[in-house]
Amino acid sequence: MAQELKRKLDYSDILAAPNDGKRYELLQGELFVNPAPSPMHQRVSSRLQRQLQDYFHERSTGEVFNAPIDVIFNPHDVLEPDLVVVADPSHISKRGIEKPPLLVVEILSPSTRKVDRGIKSRRYAELGVPHYWIVDPDRKRVECYERAGGAFRLLVDAEGDSTMAHPTWDGLMVDLKALWR
């Protein structure tokens, strides 16, 4: 019996997805569907977005976007990170972000924890994202990774109610206590 070939999904499949409040993403043509984020997830996202906006806007070095927004790396890798910082305005199109952003932030939830730490992390590095942050509201922890040699390496992390200084961006201080309150 002939084995049925699996079709690799592309951006047109994302455009055809229902508007049902779920997040549809493609990783190497494979579909990932996640439920809408929890209120705690959205609070943390909003609070971190505010801090990043203050920093990047003040220095005119980047624009911060929050989900839902498509980051279209190629037709088979279309992701919807929780937060994205874009340094080059030419990467922004009518469809979304069309080149690797400067920073991608994923906020963990029970349904995304394994994918965000695994395949997404590896794929973001392969696709050329320079900085990747993982925010874990349950553990009150932020991990900041930097791309080196095609993979991410931990650059800095902080937890609890501390303040995190990021070594790449002079003056960027993230008030973790403000994220969890």
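All figures in this text were calculated on a predicted structure; none of them were measured in a lab.
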Just verifying a value: how many Å separate [X] [atom1] and [Y] [atom2], rounded to the nearest 0.5 Å?
X: Asn34; Y: Ser109; atom1: CG; atom2: OG; result: 6.5 Å
X: Glu63; Y: Gln53; atom1: CD; atom2: CD; result: 8.5 Å
X: Glu98; Y: Asn74; atom1: CD; atom2: CG; result: 11.0 Å
X: Asp13; Y: Leu31; atom1: CG; atom2: CG; result: 8.0 Å
X: Ser45; Y: Leu83; atom1: OG; atom2: CG; result: 4.0 Å
X: Asp157; Y: Leu154; atom1: CG; atom2: CG; result: 5.0 Å

(message) So, applying side-chain contact (heavy atoms from CB on, under 4.5 Å) with Leu102, which one of Val85, Asp88, Thr168 is it?
(response) Val85

(request) Only one of Leu52, Val86, Asp54 passes side-chain contact (heavy atoms from CB on, under 4.5 Å) with Val64; say which it is. (result) Leu52

With hydrophobic residues grouped by side-chain heavy-atom distances under 4.5 Å, do [X] and [Y] end up in a single group?
X: Leu179; Y: Leu172; result: yes
X: Phe32; Y: Ile97; result: yes
X: Trp169; Y: Leu48; result: yes
X: Ile134; Y: Ile119; result: yes
X: Phe152; Y: Val135; result: no

Can you tell if the side chain of [X] reaches within under 4.5 Å of the side chain of [Y], non-hydrogen atoms only?
X: Cys144; Y: Met164; result: yes
X: Asp77; Y: Leu127; result: yes
X: Val105; Y: Val84; result: no
X: Phe65; Y: Pro81; result: no

Minimal non-hydrogen separation, [X] against [Y], with atom names:
X: Ala165; Y: Pro167; answer: O-CD, 3.6 Å
X: Glu126; Y: Arg147; answer: O-NH2, 4.5 Å
X: Pro100; Y: Phe73; answer: CA-CE2, 3.8 Å
X: Ser121; Y: Arg117; answer: CB-O, 3.6 Å
X: Ala125; Y: Ala151; answer: CB-CA, 3.8 Å
X: Pro130; Y: Pro101; answer: CD-O, 3.1 Å

(request) Show your reasoning for whether side-chain contact (heavy atoms from CB on, under 4.5 Å) applies to Val142 and Glu159. (result) CA-CA 6 Å; Val142 177; Glu159 60 186 311; over 6 Å; no

(message) Students often mix this up, so state it plainly: with edges at 30° and 60°, are the rings of His166 and His131 parallel, tilted or perpendicular?
(response) perpendicular

(message) For Tyr124 and Tyr132, take the angle between the two ring planes, folded into 0 to 90°, and tell me which bin it lands in: parallel under 30, tilted 30 to 60, perpendicular over 60.
(response) tilted

(message) Quick one, Val71 with Val104, criterion side-chain contact (heavy atoms from CB on, under 4.5 Å). Give me CA distance, side-chain angles, the key distance, then yes/no.
(response) CA-CA 10 Å; Val71 179; Val104 167; 5.8 Å; no

(request) Could I get the full list of side-chain contact (heavy atoms from CB on, under 4.5 Å) partners for Asp70, not counting sequence neighbours? (result) Tyr11, Ile14, Ile72, Val78, Glu80

(message) Arg50: which residues meet the side-chain contact (heavy atoms from CB on, under 4.5 Å) condition with it, sequence neighbours left out?
(response) Ser46, Arg47

Check whether [X] reaches the backbone of [Y] with its side chain - one donor and one acceptor, N or O, closer than 3.5 Å.
X: His76; Y: Leu9; answer: yes
X: Trp180; Y: Gly160; answer: yes
X: His41; Y: Ile107; answer: yes
X: Arg59; Y: Tyr55; answer: yes

(message) Starting from Leu155 and following side-chain heavy-atom contacts under 4.5 Å between hydrophobic residues (I, L, V, M, F, W, Y), which residues can be reached?
(response) none

(message) Let's go through Leu108 and Asp138 carefully: what are the C-alpha distance in whole Å and the side-chain angles of both, what is the deciding distance for side-chain contact (heavy atoms from CB on, under 4.5 Å) to 0.1 Å, and is it a yes or a no?
(response) CA-CA 8 Å; Leu108 301 181; Asp138 292 338; over 6 Å; no

(request) Run the salt-bridge test on Glu106 and Arg113 with the 4.0 Å N-O cut-off and return the result as yes or no. (result) no

(message) Salt bridge check, Asp82 against Arg23: does any charged N sit closer than 4.0 Å to a carboxylate O?
(response) yes

(message) Taking CG in Asp170 as the centre, count heavy atoms belonging to other residues, nucleotides or ligands within less than 6.0 Å. Is the count above 12?
(response) no

(message) What verdict does the side chain to side chain donor-acceptor pair (under 3.5 Å) test give for Glu143 and Tyr145, after you've listed the backbone C-alpha separation in whole Å, the side-chain angles of each residue and the deciding distance to 0.1 Å?
(response) CA-CA 7 Å; Glu143 300 167 14; Tyr145 296 89; 2.5 Å; yes

(message) Could you go through Thr163 and Leu176, starting from their C-alpha distance and side-chain angles, then the distance that decides it, and tell me whether this counts as side-chain contact (heavy atoms from CB on, under 4.5 Å)?
(response) CA-CA 6 Å; Thr163 299; Leu176 272 61; over 6 Å; no

(message) Test salt bridge (Lys or Arg N to Asp or Glu O under 4.0 Å) on Lys120 and Glu25; report intermediate values, then the result.
(response) CA-CA 10 Å; Lys120 268 192 181 180; Glu25 299 178 297; 2.9 Å; yes

